[in-house]
Each structure stands twice: as C-alpha cells, then as structure tokens.
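Take a look at the following structure, please.
The shown structure was predicted, so the numbers you read here are calculated from the model rather than taken from an experiment. Quick note on labels: first sequence line is chain A, next is B, and so on, each numbered from 1.
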Amino acid sequence: MKFLMSSILIISFSIIGHTTSTHPIFGQFEKIIGKSKKITLHLIDQYPVFPVEQAPEQEYILDYPIQNSLILEKSISTTVVTALLDSNNYIQDNQRKCSFLGQFAIQIHHKKFPITILLSSLECPKAIIFCEGQNIDKKHYDLTDQNQIIPILSGLSGKVD
Amino acid sequence: MRGLFLKIIFFIGLLSSSANLFSQSFYELRFNDAYGNEYVGFWVYISESESYMRMAYYNADNEYRVVHVDYIAETGMTEDGVYYFVLFGENPVFITDYYEDESYNPDTFVWVRYENEEYGKPFVTDDPDFGDDSFIEVNSYIELDPSQFNEEYLNQFYGTAEPDYIALMSMVDDGNSQLANQTNVNHHNSNNTSENNNGNNATFSGPVTMHLVIAANTDIGDIGKSCEVDERNLISEFEGICEVLGINLKQYLIHGKEFTKENLVNTINGISAGSNDIVMFVYTGHGFRWSDQSGQFPQLDMRHNAYMRIEEKNSINLSEVNDMLLAKGARLNICFGDCCNSDVGVNQRTSNTFLASRNNGNYKLKNLQRLFIESSGNVLATAASPGQVSWSNSVNGGFFLSSFFQAFREEIGYLEQDATWDDMMKKTIEYAEYKTSKDACSNCSTQNGQKSVSISYN
C-alpha cells in the first residue's frame, strides 16, 4: 500500500509538475501567430459561395466574399494577437447549437503555414481555424460570452476601408 | 496526492461534462479510515445531481451505525489531461440511533484516470479541507446486480419499513434483470402483425410499432460529432426499449448530406402509422428563431453546410413538425428539438407555404409500459427558451438529450412509483439547466427548456 501510494504520489507530482508546452487552441502554431509580421483583418459576408459560382471581380477568403480589408499596424496587431492567443477567450469543451455566420477573417501571413481564423458573433460567438494540412485545420471553437476578441475586431471594423 | 486532488476539486466545473453513468445503478464501496475502522457504502446512483449513499460502520463504542448521505457528482478533465469523477457528500442523516453529540463528516470520493484508461478504485476522504494524506484508496468498489439483493444484504443499510427498501426488494421479486431474461424477442419486424410479437403484447390492445425519426446534422463542422453521439444513443436506447416491450421499431434517419428540409418533410409524409402506434421525432442540430417570430419553439436549421443560406426553404419550426406528426393519427406522439432558440437577426421571409450509458436492467417494466403502451397524446419539447442557446459536446452529445436519457432511466426505475411524461420532461429540463449552470459549466449560459405535455393514461 505504501509503495502504491508512493507511486501515485510520484505520478501525481509528475502530472502537477508537468507544464503544458503547447497552446491549447493553436498548439505549436502559437509561435507563428505570436511572431507574425503581417496580419490582415477582413470583413466578410455571412455565407460562403461555392467556387463555381464566385464572381471574378470579387475577392474571397475561404470562399467568403470579402467586403473590406485592413493590414494591421504593429501596435494593433499586437493587441489582436494577444487576444487571439488568450485561451480564456475560447470554450474548449462545449459548443452552442447555433450556426456560424461569417463576420471577420484574420489572415496570419506565413510562407509555410499561413493561418486564417474566421470569427463571428452574429448568431453566436464562434471561431474556425484554417491551416491546410495541419492538425489545427478546420477546428471549431465557441468563444466565451465575455471574449475580448470580437470587441477588438468590431472596434477595428470602423477603420477598414 | 493532495496537490492532484485539490487541483481536481478546484477545477470542478471548469471543463466539466455530464457523467456517463447510467441512472439508478447500485454500487458497494468498502474502505478503512485512518484508524482502521471499516466502512461499507451502499451507493444508489440516480443522476449526477441526485444520488445517495448509505454508509454502515461501527463507532468507537462498537455500536452499529448507518448514515444517509446525499451526493452530487462532477466529472471532467484537468488542464493536465487527468479525467476525474468526484462525488461530493452533503446532508448526512443518521438512520440508526446515535448520541446527541455524535456526528458524521460526509465522505468525498474521487476517481481519476488518464486517456485510454478505465477508472479504477476511487480515493476517499472525510476531511472537508482535503488535508495532507487524507485521501485513502478504497479497498473495494463493485457494481451490484439488483437481482442478487436479499433481505440480509439490504438490511445492513435500510430498515424494513423504508420505502426504498421496499422498492429495492420489489426489484428482486420482479426477477430483475428482465432484459437478460428475455429470449427470442422479435424486433425490427416490418410485418407488424401480432404473430410476430411473441405474445409480449398480451396485455396491450393490439400490435404496436414505434416510428422513430431522427434528424441529426452529422455533417456540420462544429457540432456534427455531438449530433452523431445523439443519433447513436437514441438508436441504442430505443432499440432496447422496443425489445423489452416487444414492440416493432421502424427507424427513419435524416443525416449527413441527406439532412435537408425536403427529406425531413418527405420522410414524415411517408410514415404510415396505425392508431396504436407511437411516432417519435428527435432533432439534433442547429436551431434559431426569426427576429419577428412569436411562439416558444425554435426553427430547425436544416442546412448541412455553411454554403446554404438560412431561409424559409432550409428551415422548419419544431411545432410545425409536431403538427405533421399529430396528423398521422398515432396513439402517442413525441417531438423533441435539441437545438438553440436564439435570435438569428433576420425576419422570416415567406415565399411559399410549405411545411443514451450502457442499457442496464434496473427498470420497472410497469413504468416502461405506462410511458409507451398505456399512454396516448402528445409531448413537444425543446432544449432552450426563446432567446437562449443550447449546448452540446462531442463526448455526451446534446445536453438536452443526454438529460432526457438520465430522466428517462430515473422515471422507469424502481424508486419511481408511477412514471409520467410530464415528470420526465420536467426532470429533463431541470437536468439540462443544471448542466449549463455556473456550478457545472463555467463557460455555459443556462438553457431552460420548454415543454408542452398532453398525455392521458389507461
């Protein structure tokens, strides 16, 4: 029994002592987001459009028509990145049973691993991550009711031309 | 050890999800305290918010004691990936005699496991501060087969005149487990003739078919997985119910790429129900309400991908589905929607008029019959009130449906006198509300389901 308890204690301490080195939402891509030199904010339509139906003069991101775009200045992109990487803004376990309607797209420019995050609070606050071929691709997360991301993006949307 | 358990207990509710235990299960736990005194706990698990334990032990004067302790369960996973199930005890009440200055500190039980492992024996403490070294692993923890209960065993924990003792003994008298005892039950029989019911309909007024329509948005990106869980649990649960009752089951699945309004309408229109049949419709997917919508029930979002627009042609109101079911003329109609009921920000534009656990044997057959064979009328229920969202996760499915399964198993259990649909739906709504309360889910917003029950019983 004593040996068992000791084993449990050792295992327990190893669990407690172990610090998670990967971001709970973005995993190893946290660094790419954190060090990104170019971030673009797009205002997008609510619904995506099938490629065959897309108008040639219209720009799209992940099939969502782009209404307007803004390349973020350094100080602003830092604020946005901080909010994106704050895992408290996300609900990791549960989902609301309401639909995602497009509102914002954040494009993290990277030569090898470009990341796009769709975000919305139009019907209910949700985020979808895209990074083709990677383990975070097409991951859906609900945002908390008190998330800091949407208010920041909403505030920026007035600056988007 | 303390650090791990404290961490678990302080993280309770942060990432919790509903327990995957089945209602009205019985367990025995044996452990010794720090002084070597033995305790035997008889645990009756009804739901995560309702269970109790009868704890039997000898006090310092070697006098026999039994204490009744209520329990609330919490389950989830810590940031470090440790899965836990915790039982918090409260309201201890002596069943046997006791001295005026005698007291009992309720025990807390903790199960832990890592991914891909099973839960082992729990740890127990009666220290309200979860002090150093206070947790002790129990000596044994076993699930009990109620068919093996006898007076001698139950009298360790109950007085003979106690209602729960009488109810538990009646489980033995009814030859529980009934499911294990049944043979050659012919279900999934599409002929729907009395010859194919093996005489199990002897007390019924004619052959019965349950038409089970499940509309599950299994392909949608965010909640598709949880809808799959719901679909699977529904099929498993109702296959079991129909097998026990000896009634036929016809399943109609609307899912994947076939999850469309057109298919839903055509499927229901295609059902031919007899006057003694049961028609049950369950929806699990996205839901919403139009900005200018009145009425308490939501629109069902029948789009299986984001490219389709939220429009009249891709949605249908749950009450409209209910009306379609009622028009079938079946004896019993049940219509559930596990979805949101929140404002989509758009007014309705009308262009055309158009419109689970592991199945255990701890149930009272009489209650099951009352709900499905001796009842007639209509039950309409949804997961959230107007303006609210509903919740789900990929492990337990929709919170409303998982609460329904809990309430259902409790309602058909031996500790329930007369099962009723109204009682069951009240509990469903209550359990879902609990699951989404701040006590159980810090990131959820509370969902308060809606119901309309109009049922009469033979």
Checking B:D222 against A:K138 for the salt bridge (charged side-chain N to carboxylate O under 4.0 Å, His left out) test, could you report, in this order, the C-alpha distance in whole Å, the side-chain angles of both residues, the deciding distance, and whether it holds? CA-CA 9 Å; B:D222 54 350; A:K138 298 187 185 70; over 6 Å; no
Just checking, any donor-acceptor pair under 3.5 angstrom between side chains of B:S445 and A:R96?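 The criterion, which ignores hydrogens and geometry beyond distance, is not satisfied for A:R96 and B:S445.
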Distance from B:K225 atom NZ to A:H140 atom NE2, nearest 0.5 Å?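 Rounded to the nearest 0.5 Å, the NZ-NE2 separation comes out at 12.0 Å.
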Can you give me the closest heavy-atom contact between A:S99 and B:R303, atom names plus distance?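 The pair with the smallest heavy-atom distance is OG-NH2, 3.1 Å.
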Which one of B:C340, B:S390, B:C444, B:S392 has the most heavy-atom pairs closer than 4.5 Å to chain A? B:S392
Determine the option with the most heavy-atom pairs under 4.5 angstrom with chain A, choosing from B:G285, B:S226, B:S342.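 Among B:G285, B:S226, B:S342, the one with the most close pairs to chain A is B:G285.
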Could you look at A:I128 and say if it's the side chain, the backbone, both or neither that has a heavy atom under 4.5 Å from chain B? neither
Interatomic spacing from SG in A:C98 to CZ in B:F288 - rounded to 0.5 Å: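 So the gap between those two atoms works out to 11.5 Å.
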Which atoms of A:Y141 are under 4.5 Å from chain B, going by heavy atoms: the side chain, the backbone, both sets, or neither?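 For A:Y141, no heavy atom lies under 4.5 Å from chain B.
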I'd like to verify something: which residue of A:V49, A:D142, A:L122, A:L101 has the highest number of heavy-atom pairs under 4.5 Å with chain B? A:V49
Grab the two heavy atoms, one from A:E123 and one from B:D343, that are nearest each other, plus how far apart they are.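 So the minimum-distance heavy-atom pair works out to CG-O, 4.4 Å.
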Per-residue contact mode, A:K139 against chain B (heavy atom under 4.5 angstrom):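 For A:K139, there is no contact with chain B at all, as no heavy atom is under 4.5 Å.
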Which distance, rounded to the nearest 0.5 Å, do you find between the OH of A:Y47 and the CD of B:E311?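 Answer rounded to 0.5 Å: 7.0 Å.
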Which atom names give the shortest non-hydrogen contact between B:W391 and A:I91, and what distance separates them?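 Closest approach of B:W391 to A:I91: CH2-CD1, 3.7 Å.
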May I ask you to check whether over 12 heavy atoms, not counting those of A:Q58, lie within 6.0 Å of atom CD? yes
Would you indicate whether the side-chain heavy atoms of A:D63 and B:Y307 approach each other to under 4.5 Å? yes
Pick from B:I220, B:N217, B:N305, B:D338: which one has the most heavy-atom pairs with chain A under 4.5 Å?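 Highest number of heavy-atom pairs under 4.5 Å: B:D338.
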For the residue pair B:N393 / A:N94, report whether a side-chain donor-acceptor contact shorter than 3.5 Å exists. yes
Just by distance, with hydrogens left out, do B:N443 and A:T144 show a side-chain donor and acceptor under 3.5 Å apart?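 Absent: no donor and acceptor within the cut-off.
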Do A:K97 and B:T284 touch side chain to side chain, with heavy atoms closer than 4.5 Å?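 A:K97 reaches B:T284 side chain to side chain.
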